[in-house]
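To start, the structure itself, in structure tokens.
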Amino acid sequence: MLNLGILSFWHVHAKDYAREAEEHPETTITAIWDEDEERGRKEAGKSGAEYIGSLDELLANDSIDGVVVTCPTNMHKEIMIKAAEAGKHIFTEKVLAATEKEALAIIDSVKREGVKLFVSLPRVYDGYTLAIQNIIDTGEIGEITQSRVRLAHDGATAGWLPHHFYNKEACKGGALIDLGCHPVYLTRLFQGMPKSVSAQFGYVTEKPVEDQAVVTFHYSGGSYGIVETGFVNPHSPFTIELHGTKGSVLYGMPDDVILLNKGEGFERVTIPTDQPSPFSQWVDHVQHNKDTDENIALALDLTVLMEASYRSEQEESEVTIIS
């Protein structure tokens with residue numbers, strides 16, 4: 001049984017991870033810390049876990065094996081390095097950090113201290129992603145010439161996202177760094193790292209951060225990938241399009257099915273069972289001393305692409321990805 005601490009309920013998915021930790025047969029929440037004491041005490045009261053007002057005190061507790069980090073993005077570096085130095089395994093919500101420099105500092109600390117870090121990139125492990133990766137790997141659509149991945153909801157226009165998700169300093173961005181992470185890491189997974197990126201943001205609700213965004217990934221040889229996201233679309237389906245020299249594959253148009261066309265019309269592709277959730281995978285990696293290098297590498301690339309995208313929008317220019 002792994003004893004876990006939750007470090008902040010700032011993120012909208014913190015309660016989901018807390019619930020998953022309580023439902024997992026081999027984990028339990030024993031302590032909670034939050035930069036907002038009132039919020040932390042409230043959540044501790046719900047779960048029966050101890051609220052500890054001092055982060056250092058919680059991390060010094062030898063009975064705690066790992067921590068779930070769901071604090072503001074601008075606190076990730078400080079808190080995760082402290083957790084690693086205290087010998088705590090770390091599960092965290094994406095993004096790992098807002099900049100490559102910060103992400104590398106976290107990764108260096110984790111490697112140095114020998115703890116397991118796992119970043120929640122859930123759509124990597126979903127069945128439709130596994131099926132699409134197999135189609136790419138077997139060459140059924142040839143070389144990818146273009147792609148489009150879109151994920152959006154109405155959190156800003158319907159008002160259900162917490163107000164602090166529009167705090168630019170805490171979040172380090174808006175729709176792109178939050179929801180846009182998913183299409184960004186999927187595009188990276190399907191096509192690899194681009195040679196450059198260009199981004200454009202929209203401010204439909206006139207909030208301090210972008211509420212929709214489009215990012216174009218530019219690849220050698222002329223291929224490209226388009227990432228779309230937003231907080232202002234109530235009925236936009238999650239969609240994936242991959243087009244190659246031999247065919248095309250579509251997902252979510254509008255039903256949750258995969259359609260493959262190799263020149264004889266579209267046919268359905270069987271979608272395999274999802275892999276275990278990121279949280280469950282983290283627990284397994286901790287218990288069986290497995291490395292998390294693949295997950296960390298993808299999380300680092302996500303940070304690199306995020307940083308470049310925000311720089312592109314700010315500078316109104318295409319930004320080269322340094323390999």
Side-chain angles (χ1 to χ4, degrees), residues 8-19 34-36 38-39 42-43 69-76 92-99 119-123 126 148-188 197-217 225-241 251-254 256 299 302-303 305-316:
S8 178
F9 277 80
W10 174 86
H11 201 279
V12 292
H13 290 313
K15 292 181 181 180
D16 297 328
Y17 299 134
R19 187 181 309 111
D34 201 306
E35 74 280 2
D36 181 331
E38 181 180 355
R39 181 176 61 203
K42 180 180 178 181
E43 294 301 330
V69 178
T70 37
C71 64
T73 304
N74 67 339
M75 298 175 69
H76 274 202
T92 189
E93 174 64 14
K94 47 71 182 165
V95 291
L96 177 58
T99 69
V119 182
S120 183
L121 308 174
R123 293 175 187 268
D126 286 344
R148 173 179 173 266
V149 184
R150 176 176 177 79
L151 180 61
H153 59 53
D154 63 351
T157 48
W160 57 263
L161 272 180
H163 182 71
H164 59 249
F165 260 49
Y166 309 117
N167 182 314
K168 190 172 184 178
E169 177 57 29
C171 301
K172 295 301 181 182
L176 181 63
I177 203 167
D178 175 52
L179 194 62
C181 278
H182 300 291
V184 167
Y185 67 65
L186 286 177
T187 303
R188 154 64 185 85
V197 302
S198 54
Q200 288 186 313
F201 294 169
Y203 296 83
V204 175
T205 57
E206 299 182 346
K207 290 190 165 44
V209 296
E210 79 281 357
D211 52 28
Q212 59 178 345
V214 176
V215 182
T216 304
F217 291 9
I226 299 172
V227 165
E228 299 176 359
T229 193
F231 289 162
V232 294
N233 304 108
H235 306 297
S236 175
F238 168 53
T239 56
I240 299 173
E241 298 179 39
Y251 173 77
M253 295 288 196
D256 295 337
L302 172 60
T303 290
L305 293 169
M306 279 292 163
E307 185 177 14
S309 297
Y310 277 94
R311 182 182 156 200
S312 169
E313 197 275 340
Q314 183 179 26
E315 298 178 356
E316 297 183 347

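Only this structure's heavy atoms are used, side chains among them; waters, hydrogens and symmetry mates stay out. Counting from 1, the numbers follow the sequence of the chain as shown. Remember, predicted model here, so these are calculated numbers, not experimental data.
- Between P208 and K168, the shortest heavy-atom distance links the atoms O-CD, 4.1 Å.
- Looking only at distances, no side-chain donor or acceptor of N233 sits under 3.5 Å from a matching main-chain atom of S236.
- Considering CZ of F201 and CG of L176, their distance stands at 5.0 Å, rounded to 0.5 Å.
- Atom OG of S120 is separated from atom CD of E93 by 5.0 Å, given to the nearest 0.5 angstrom.
- For T187 (side chain) and P183 (main-chain N/O), a donor-acceptor pair under 3.5 Å exists by modelled atom type.
- Not a single donor-acceptor pair under 3.5 Å links the side chain of D211 to the backbone N or O of V232.
- Nearest heavy-atom pair across A98 and I177 is CB-CD1, 4.4 Å.
- Taking SG of C171 as the reference point, atom NE2 of H164 lies at 7.0 Å (rounded to 0.5 Å).
- Two residues are said to be in side-chain contact when any heavy atoms from C-beta on lie closer than 4.5 Å; L161 and H153 meet this criterion.
- Y166 and T205 are not linked by any side-chain donor-acceptor pair at a separation below 3.5 angstrom, with hydrogens and angles left out of the test.
- R311 CZ to S309 OG: the interatomic distance, rounded to the nearest 0.5 Å, is 11.5 Å.
- Side-chain contact annotation: S8 with E35, donor-acceptor N/O pair under 3.5 Å present.
- For the 3.5 Å distance criterion, the side chains of H13 and D16 qualify, holding a donor opposite an acceptor.
- For T239 (side chain) and M253 (main-chain N/O), no donor-acceptor pair under 3.5 Å exists by modelled atom type.
- In this structure, the separation between OH on Y251 and CG on L186 is 11.0 Å, given to the nearest 0.5 Å.
- Of all heavy-atom pairs between M306 and V184, the closest is CE-CG2, 3.8 Å.
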Test F9 against D36 for side-chain contact (heavy atoms from CB on, under 4.5 Å), laying out the working first. CA-CA 8 Å; F9 277 80; D36 181 331; over 6 Å; no
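- Under a 4.0 Å N-O distance rule, the pair K207/E210 does not qualify as a salt bridge.
- Taking the side chain as every heavy atom from C-beta outward, K172 and V95 never approach each other to under 4.5 Å.
- Distance alone, capped at 3.5 Å, is enough to place a donor-acceptor pair between the T303 side chain and the A97 backbone.
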Intermediate values then yes/no, side-chain contact (heavy atoms from CB on, under 4.5 Å), E43 and D34: CA-CA 10 Å; E43 294 301 330; D34 201 306; 5.8 Å; no
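- Residue S312 comes nearest to A199 through the heavy atom pair OG-N, 2.9 Å, listed as atom of the first residue, atom of the second, then distance.
- Heavy atoms only, all atoms of each residue included: C71 and M75 are closest at SG-CB, 3.8 Å.
- Each of E241, E228, H182 was checked for a side-chain hydrogen bond (donor to acceptor under 3.5 Å, both in side chains) with R150, and the lone residue meeting it is E228.
- Atom CD of E315 has more than 12 neighbouring heavy atoms from other residues, nucleotides or ligands inside a 6.0 Å radius.
- For F165, the ring-ring contact (aromatic ring centres under 6.0 Å, His included) test picks out W10, H11, with sequence neighbours left out.
- Using a 4.5 Å heavy-atom threshold, the side chains of Y185 and P122 count as touching.
- The minimum heavy-atom distance between P254 and P237, with the atom names listed, is O-CB, 4.5 Å.
- The CG atom of L305 sits 12.5 Å away from atom OH of Y310, with the distance rounded to the nearest 0.5 Å.
- Side-chain atoms of L302 and R188, non-hydrogen and from C-beta on, never get closer than 4.5 Å to each other.
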